Undergrad: 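Shown below is the structure under consideration.
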Amino acid sequence: MRATILARHANQTAEDFQLSSFLTNHGVVVALVCAACAVVYGLLTTRSLLALSPGNERMQSISLAVQQGARAYLNRQYATIAVVGVVLFVALIFIQNIAVAGGFAIGGLLSGSTGYIGMNVSVRSNARVAEAARSGVTPALRVAFRGGAITGLLVVGLALIGVAGYYGALTSIFNDSPKTAVDALIGLGFGGSLISVFARLGGGIFTKAADVGADLVGKVEAGIPEDDPRNPATIADNVGDNVGDCAGMAADLFETYAVTAVAVILLGVLTFHESTRVALYPLVIGGAAIIASIIGTYAVRSKSGNVERALLQGLVVSGVLAAGAFAPITYWLMRNLTFKSVGDTVNTPSWSHLYLCSLIGIAVTALLFGITEYYTSTRFSPVKKTAKASITGHATNIIQGFGSGLQATALPALVIVLGILGSWKLAGGGVTGIYGIAIAVMGLLSLTGLIVALDAFGPITDNAGGIAEMADLPEEVRTVTDRLDAVGNTTKAVTKGYAIGSAVLAAVVLFAGFQKELEAKVGHAISFGINEPPVLIGLLIGGLMVCLFASLSIEAVGRAGGAVVEEVRRQFREHPGIMDYTEEPDYAACVDIVTKTAQREMILPSLLPILLTLIIGLIDQQALGGLLIGVIVVGFFFAVLMTAGGGAWDNAKKLIEDGAFGGKGSEAHAASITGDTVGDPFKDTAGPAINPMIKVANIVAILIIPLIT
């Protein structure tokens, strides 16, 4: 019996060794194959989606106008970014090397492609969802989610192809030197971050300027419904939903995913002797998570018409499968690591503890989802309180919504604190504890594909409702699209909460990488204590940067929205036939206004985290560290406040429009529209754009180390 047991153990040990050896030698290939599956899924699903009927001629005409507006905007946006990108590409050659500059170009191109492809799928799905809504909630849900899933899987697929592919190419070129390859990968992360901050900010300015103009003149002054074809800003509003929520979120989470993978590789290579294994680990678990996400998309189905439950099913299935796959991968790749510290080997965390860190990341995702939904859904107290406050006027609506936003920062902060503490302790504290936090962030990002799918679901259903209204489809169709849109508003809000949490945790990992890289360059330990004046100065400047960034973003929406308001008023004044349908509004004029304004206004705030970080870094190393800490802490609270508060204002308006507290046309409704107008630039422009801004500052700090040492 004992001999049999020993034989089985020997066979199992040999099998484990073979699997471990296989992943060590072929981990890049495994990651690339999984990433390719995501791309194939996207292509096949796109083909089946576009084969569906886009509806009647009127529906197709409206959808085509949205497609043309979105394409024109993104073309102009990417042309603007390209100018900045070329300058930074050349600068990186001199500051770093051609490999880093090449990574920058790859990251930018892949991030831009993700947003562009996702937006194109979204604007072609809208009419098909409206047409499917003729048959009920279930068919419309299936079409809308498939449209979103294409974007979601392309985000993670292209991100992993970029990181794993470039890493594999560089290790081949540089004779299997993971550290040299990782240095170049930082450039790839910077390219994705640059596109992300521009896309988030420019798209946010576009969508909210159009939304503000459409609401203030259409709903409040003219008294016509949302998405009424007589409103000249309606097409611009529908275009904005896609370039802001779809393309913007795609670029944001592409960047977060890629940057975090690079940061985890960097930290692992700097921390452990087994550099190849720790470099491959985040790539392999990323590949496993993609397969789990693909399977999860098929779990999104509902016979009863319960939309929220159907979407949650997919997320839960993906999470469970990913958690199951992480265990053997962690066992095969992360056993028996040795700590790298001045030639000494110390105790390191066991593979099981690192696996638990990845589960903490998944748990943080679930908690952030639940908390954000509580503060932004019409089913819960915060939104109901904001709607009720509208009865007594505009001011009380603003006060209550702002208060809800402030309160909404508390629980997410505690969740992130507990997540950091738990993963840090499990990984042994100290430097290895930081690596545990990095693994938790990879666990958090394992569901990125489904998260982006849920976010893209929002603008698709919103546009479908607009097409149903403008094409004068039967009331039962609009009822279905309204039901989907209500869920879409919640999914957009909760995915923003997820994006913020992942951005903060990724920034913690990036900061640790910055500190270790800086210490390696100067040859001694560096601390960032608040009792040191340069650090305190940096902290204050970091907080200042967040406030200034948010201010510039909100003011940009105000100026652009004001221009749309004047244009809509002009058309109503000079063409009275618009109101009785005898004249067609000039939709293109409003699209042109917000396109030009968004391009102009996004430049300064987007460059702020690059230029200010560079200036402070050239002045003092410790002040730079303080700046990064200040950006992370202040940025987190501002982002949550703005997105949660804005979501509460938005859904308070929708609650009233559904009949609560006087319904449409009441004084409470007018007050809720004001609150929603204030909340729009909060939740869809400044708040979400803070996420990539935080990471841009941290990546720039790493890239400029050769200049400051």
Side-chain angles (χ1 to χ4, degrees), residues 18-40 42 92 96-111 113-114 153-193 254-291 325-326 329-330 332-334 337 438-439 442 445-446 448-449 513 699 702:
Q18 289 172 356
L19 288 168
S20 177
S21 178
F22 174 80
L23 289 180
T24 303
N25 294 322
H26 304 289
V28 169
V29 175
V30 171
L32 288 174
V33 169
C34 294
C37 289
V39 176
V40 170
L92 283 172
Q96 291 279 347
N97 53 57
I98 189 64
V100 173
F104 170 77
I106 292 171
L109 288 172
L110 287 176
S111 179
S113 299
T114 301
L153 269 298
L154 282 177
V155 165
V156 291
L158 291 178
L160 192 57
I161 284 174
V163 176
Y166 200 47
Y167 172 82
L170 290 168
T171 50
S172 297
I173 293 169
F174 295 114
N175 298 319
D176 260 349
S177 172
K179 179 62 174 67
T180 306
V182 173
D183 288 341
L185 282 176
I186 298 294
L188 187 146
F190 183 41
S193 297
F254 172 96
E255 173 255 355
T256 299
Y257 189 94
V259 165
T260 303
V262 171
V264 175
I265 294 171
L266 172 64
L267 202 57
V269 168
L270 292 173
T271 303
F272 300 107
H273 286 291
E274 295 76 14
S275 55
T276 298
R277 283 199 280 145
V278 295
L280 291 173
Y281 178 63
L283 302 180
V284 176
I285 65 171
I290 285 177
I291 302 303
F326 289 172
I329 293 171
T330 308
W332 290 325
L333 283 178
M334 305 301 282
L337 297 178
I439 298 301
M442 282 306 297
L445 289 171
S446 65
T448 298
I699 292 176
I702 295 174

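Remember, predicted model here, so these are calculated numbers, not experimental data. For this chain, numbers begin at 1 and follow the sequence in order. The basis for the numbers below is simple: all heavy atoms, side chains too, and nothing from hydrogens, waters or symmetry mates.
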Undergrad: Where is the tightest heavy-atom contact between Ile329 and Ala288, given as atom of each residue plus distance?
TA: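 Closest approach of Ile329 to Ala288, heavy atoms only: CD1-CB, 3.7 Å.
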Undergrad: Return the CD1 to CE distance between Ile439 and Met334, rounded to the nearest 0.5 Å.
TA: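 Ile439 atom CD1 to Met334 atom CE measures 5.0 Å (nearest 0.5 Å).
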Undergrad: First locate atom CG of Leu266, then atom OG1 of Thr260, and finally report the distance between them rounded to the nearest 0.5 Å.
TA: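 Spacing of CG (Leu266) from OG1 (Thr260) equals 12.0 Å.
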Undergrad: Yes or no on side chain to side chain contact (heavy atoms under 4.5 Å, CB included) for Leu283 and Ile265, after CA distance, side-chain angles and deciding distance?
TA: CA-CA 9 Å; Leu283 302 180; Ile265 294 171; 4.0 Å; yes
Undergrad: How long is the straight-line distance from CG of Leu109 back to CZ of Phe104, given to the nearest 0.5 Å?
TA: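 Result: 9.5 Å between the selected atoms.
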Undergrad: Rounded to the nearest 0.5 Å, what's the gap from OH on Tyr281 to CH2 on Trp332? Could you check?
TA: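 Interatomic distance, Tyr281 OH to Trp332 CH2, rounded to 0.5 Å: 12.5 Å.
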Undergrad: What distance separates Ile285 CD1 from Leu280 CG, expressed to the nearest 0.5 Å?
TA: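 These two atoms lie 11.5 Å from each other.
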Undergrad: Show, in sequence, the C-alpha distance, side-chain angles and deciding distance for Val284 and Leu333, and conclude whether the side chain to side chain contact (heavy atoms under 4.5 Å, CB included) test is met.
TA: CA-CA 9 Å; Val284 176; Leu333 283 178; 4.1 Å; yes
Undergrad: Are any side-chain N or O atoms of Ser111 and backbone N or O atoms of Gly107, one a donor and one an acceptor, separated by less than 3.5 Å?
TA: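 Side chain of Ser111 to backbone of Gly107, a donor-acceptor pair under 3.5 Å: no, none is there.
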Undergrad: Minimum heavy-atom separation for Cys34 to Ile290, with atom names?
TA: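 Heavy atoms only, the tightest pair is O-CG2, 3.4 Å.
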Undergrad: Pair up each side-chain donor or acceptor in residues 154-166 with any protein partner under 3.5 Å, not counting sequence neighbours, and list the distances.
TA:
| unit_1 | atom_1 | unit_2 | atom_2 | d |
| --- | --- | --- | --- | --- |
| Tyr166 | OH | Ala99 | O | 2.6 |
| Tyr166 | OH | Gly103 | N | 3.3 |

Undergrad: So Ile699 and Val259, do their side chains get closer than 4.5 Å, heavy atoms only?
TA: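 Of all side-chain heavy-atom pairs linking Ile699 with Val259, at least one is under 4.5 Å.
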Undergrad: Closest heavy-atom contact between Glu255 and Ser193?
TA: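 It is OE2-OG, 2.9 Å.
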Undergrad: To the nearest 0.5 Å, how far apart are CZ in Phe272 and CZ in Arg277?
TA: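 Atom-to-atom, Phe272:CZ and Arg277:CZ are 10.0 Å apart.
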